[in-house]
Every structure is written in C-alpha cells, then in structure tokens.
Amino acid sequence: MTTYEMQQEIIRLKKEKNICILVHAYQSHDIWEVADFIGDSFGLTQQAAKSDAETVIMCGVQFMAETVKMLSPQKRVLLSNAAAGCPMAEQMDKEMIEQLKEAMPDYKVVAYINTTSELKTVCDVCVTSSSAVKIIKAMPEEKILFIPDCNLGDWVRKQVPEKQIELVHGGCPTHVRITAAEAKAAKAVHPDALLLVHPECRPEVTALADYAGSTTGIMSYAEQSDAKEFIIGTENSIVQHLQMKCPDKRFYPLSKDCVCHNMKLTTLGDVYDCVCGRGGKEIQMDASLIADARRCIDAMLAYGG
Ligand code: 13P
Ligand code: SF4
C-alpha cells in the first residue's frame with residue numbers, strides 16, 4: 001500500500017465508522033492530511049467538546065487524549081500511539097500540589113493543560129498557551145500559583161503585572177533546549193527574518209522574539225505577516241508545515257534540537273491501525289476522576305478560554 005492509498009483508506013474508514021481524527025500541529029504532514037481538525041491544545045479542547053463522533057482518535061500525547069475523554073466521557077477515545085506521553089505533564093504529582101496549597105492557602109492553582117488528569121483534580125483553573133493570559137486576567141483572584149511550566153508562567157506574569165503569580169520549577173524539555181545564544185546566532189545568519197517562539201521557551205529566548213504564542217498563533221502570525229523570512233522557535237515540524245503552507249516565504253528552525261520525541265512517535269500506520277480497530281490505546285478514566293479533573297477545564301471554558 002502506498003502512503004496515498006493508506007490515507008484514502010483511513011479517510012474511507014473514519015467516515016464509515018463515524019470516527020473523528022484530532023491532530024496536534026506537531027504531528028507530521030501525512031497525518032495532517034487525514035485530520036478532521038488540526039490545532040493547538042486549545043483548539044483541540046474545543047473540538048473535543050463539539051465532536052459528535054462515536055470514536056475520537058487523538059494524534060498527540062496522553063494528556064490531550066485524557067482531555068478529550070473528560071469532555072466526552074461517552075465516547076471511545078484512542079491515543080494514536082500508546083507510548084506518547086508528555087514529560088512535562090508528569091513532572092509534578094498531586095501530593096506536591098496539595099502540600100503547596102496548604103502552605104499557600106490564599107492562592108488559586110492554575111494548571112497548564114499539559115498536566116495529568118490526576119493533577120488537574122487538585123487545581124482550580126486550567127489554561128492553554130493561547131488562553132493563559134486572558135483567563136488569568138479574567139480571574140477575580142489576585143494570587144495565582146502557576147504550574148508546571150515556569151517559562152510559560154513567567155511569560156504570563158510579564159503580561160499580567162497586576163497579579164501576584166508564583167511559579168514552581170518545571171517545563172517542557174523540548175523547548176527548554178533552545179538557548180539565547182542559538183537565537184542570537186540564528187538572527188545573525190538571517191537578519192531579515194522575524195523570530196517567532198512558543199512561550200514554553202526560556203525567558204531569555206522569548207525576550208529576543210518578535211512574536212510569542214501557541215503553535216496555532218505562530219502559524220497564523222507567519223501566514224498573515226508581510227515579512228518573507230521567519231525563524232521558528234518551536235517544535236521543528238512547524239517549520240515544514242509553514243513551508244508547505246507558504247511556499248513564497250522562507251522558514252528556518254531556531255534549533256536543530258527542538259524535536260519532541262513523544263509527538264514524533266505517531267506514524268500514519270498507527271492511525272491506520274486505529275481506524276481498523278486494532279491499534280492505539282483506549283483512554284479509561286472512572287467517573288469520579290473525570291468529574292474531579294474536569295472542574296478546572298470547565299472553569300477555563302467559563303472564563304472564556
Ligand atoms: P500548544 O499546542 O498549546 O501550542 O502547546 C504546545 C505543546 O507543547 C503541546 O504539547
Ligand atoms: Fe510535552 Fe513539550 Fe512535547 Fe509538548 S513539546 S508534548 S510540552 S514535551
């Protein structure tokens with residue numbers, strides 16, 4: 001079977017079996033081409049809530065599939081590759097947050113969506129990279145404990161100076177690899193290029209950027225900009241996707257090391273196995289875990305996220 005034939009078969013089977021395929025922007029282009037929806041964590045959360053398919057295949061990582069399940073408990077939710085986790089989501093555990101809450105009783109705990117569902121049960125409000133600033137501004141509370149990504153937290157803190165935002169050490173091992181020295185070197189090699197980065201990057205990298213935002217934010221910015229060259233400071237798949245979307249522009253990776261090995265695990269063959277009914281990992285969550293973990297996602301949606 002060729003790649004094209006496999007894609008056609010996936011498209012045929014997903015229609016026949018009422019399956020929705022959600023694809024995170026960091027997935028490869030052959031998987032993008034069979035998607036019902038491509039997006040960042042925020043867009044995928046919204047699509048998960050809207051979809052009326054019986055089965056949803058999440059091409060991304062574990063916490064994303066858990067979010068889909070929380071918002072659609074009646075659906076069968078499959079993670080496209082069983083081994084695809086997010087190391088940042090697993091950096092903190094429930095006990096650690098409970099201890100912090102005891103020590104900081106007047107703080108509301110805001111969790112990046114890149115957290116396990118177990119951790120979400122002890123958090124107050126969830127945010128994504130594209131909704132964090134808006135939601136924290138909308139919250140009536142002034143004291144915020146932001147977990148687990150201190151780079152994203154620092155980026156939010158600078159934009160919401162009226163609030164007291166405390167951070168806990170944690171972050172994305174993929175984005176944290178990018179250094180300010182690499183950013184300066186890339187700007188020197190491509191002096192006319194705009195630097196676009198994800199806020200999971202270190203603050204000293206984000207400080208050098210012309211724009212910081214979610215994966216979808218970066219892509220829209222580059223597509224709409226009049227500039228012709230861009231250095232991309234997020235997972236390197238975005239460089240390829242943008243180059244295909246905008247052939248008249250040029251895109252350069254900020255760092256050859258910005259590769260998320262977990263996002264890269266899923267292959268088109270995995271998606272094919274999922275639609276054939278023999279692959280993926282079915283997300284199992286009991287009703288009480290769903291109810292407890294969902295509270296902070298519902299709070300995000302209520303604050304307009
Ligand atoms: P967004 O999808 O919110 O841009 O986050 C990037 C990321 O690292 C997802 O794991
Ligand atoms: Fe997790 Fe970072 Fe990979 Fe996103 S890019 S899945 S935050 S390790």
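Whatever order the structure lists them in is the order used to number ligands and atoms, beginning at 1.
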Problem - Minimum-distance pair of heavy atoms, taken over all atoms of Asp52 and Asn18 - result: O-ND2, 3.8 Å

Problem - Atoms of ligand 1 close to Met64 [distance to a heavy atom under 4.0 angstrom, numbered from 1] - result: 9 (C), 10 (O)

Problem - Minimum-distance pair of heavy atoms, taken over all atoms of Asp248 and Lys228 - result: O-CD, 4.1 Å

Practice task
Using distance alone, with no hydrogens and no angle criterion, decide if Ser41 and Tyr112 have a side-chain donor and acceptor under 3.5 Å apart.
Solution key: no

Problem - Pair Arg12 + Glu9, salt bridge at N-O below 4.0 Å - result: yes

Exercise for the section: Just jot down the ligand 1 atoms closer than 4.0 angstrom to any heavy atom of Ser129, in number order. Expected result: 1 (P), 3 (O), 4 (O)

Completion exercise
Per-atom filter on ligand 1: closer than 4.0 angstrom to a heavy atom of Asp40 are 1 (P), 2 (O), 3 (O), 4 (O)

Fill in the blank from the handout: Protein-derived N, O or S atoms lying less than 2.8 Å from atom 2 (Fe) of ligand 2, waters not counted, sum to 1

Exercise for the section: Determine whether the side chains of Lys281 and Gln62 contain a donor N or O and an acceptor N or O closer than 3.5 Å. Expected result: yes

Fill in the blank from the handout: re atom 10 (O) of ligand 1, the protein heavy-atom contact at minimum distance is Asn114 ND2, 3.3 Å

Handout entry: Proximity flag His24 to ligand 1, non-hydrogen atoms under 4.0 Å
Key = yes

Practice task
Take every heavy atom of Thr128, measure it against each atom of ligand 1, and state whether any distance is under 4.0 Å.
Solution key: no

Exercise for the section: Check whether the side chains of Thr121 and Asp292 place a donor and an acceptor atom closer than 3.5 Å, and report yes or no. Expected result: no

Exercise for the section: Report yes or no: does His198 have a heavy atom closer than 4.0 Å to ligand 1? Expected result: yes

Practice task
Under 4.0 Å from a heavy atom of Thr215: give me the atoms of ligand 1 that qualify, with their elements.
Solution key: 1 (P), 2 (O), 4 (O)

Completion exercise
Counting heavy atoms under 4.0 Å, the part of Val61 that contacts ligand 1 is neither

Fill in the blank from the handout: For Glu200, the atoms of ligand 1 under 4.0 Å from one of its heavy atoms are 5 (O), 6 (C), 7 (C), 8 (O)

Exercise for the section: Using a cut-off of 6.0 Å, state whether more than 12 heavy atoms not belonging to Met244 lie near its atom CE. Expected result: no

Exercise for the section: Looking only at non-hydrogen atoms, find the nearest pair between Met88 and Gly171 and report the distance. Expected result: SD-C, 3.4 Å

Problem - Atoms of ligand 1 close to Tyr112 [distance to a heavy atom under 4.0 angstrom, numbered from 1] - result: 5 (O)

Exercise for the section: Go through ligand 2 atom by atom and flag the ones less than 4.0 Å from a non-hydrogen atom of Tyr26. Expected result: 5 (S)

Problem - Ser214 neighbourhood, listing ligand 1 atoms whose heavy-atom distance to it stays under 4.0 Å - result: 4 (O)

Problem - Polar contact flag, side-chain donor to acceptor under 3.5 angstrom, Glu118-Thr116 - result: no

Practice task
Report, as yes or no, whether the 6.0 Å neighbourhood of atom NZ on Lys108 holds more than 12 heavy atoms from other residues, nucleotides or ligands.
Solution key: no

Fill in the blank from the handout: Taken in chain and number order and not counting sequence neighbours, the residues that satisfy side-chain hydrogen bond (donor to acceptor under 3.5 Å, both in side chains) with Lys143 are Asp106

Practice task
Could you tell me whether Glu54 and Lys17 have a side-chain N and a carboxylate O separated by less than 4.0 Å?
Solution key: no

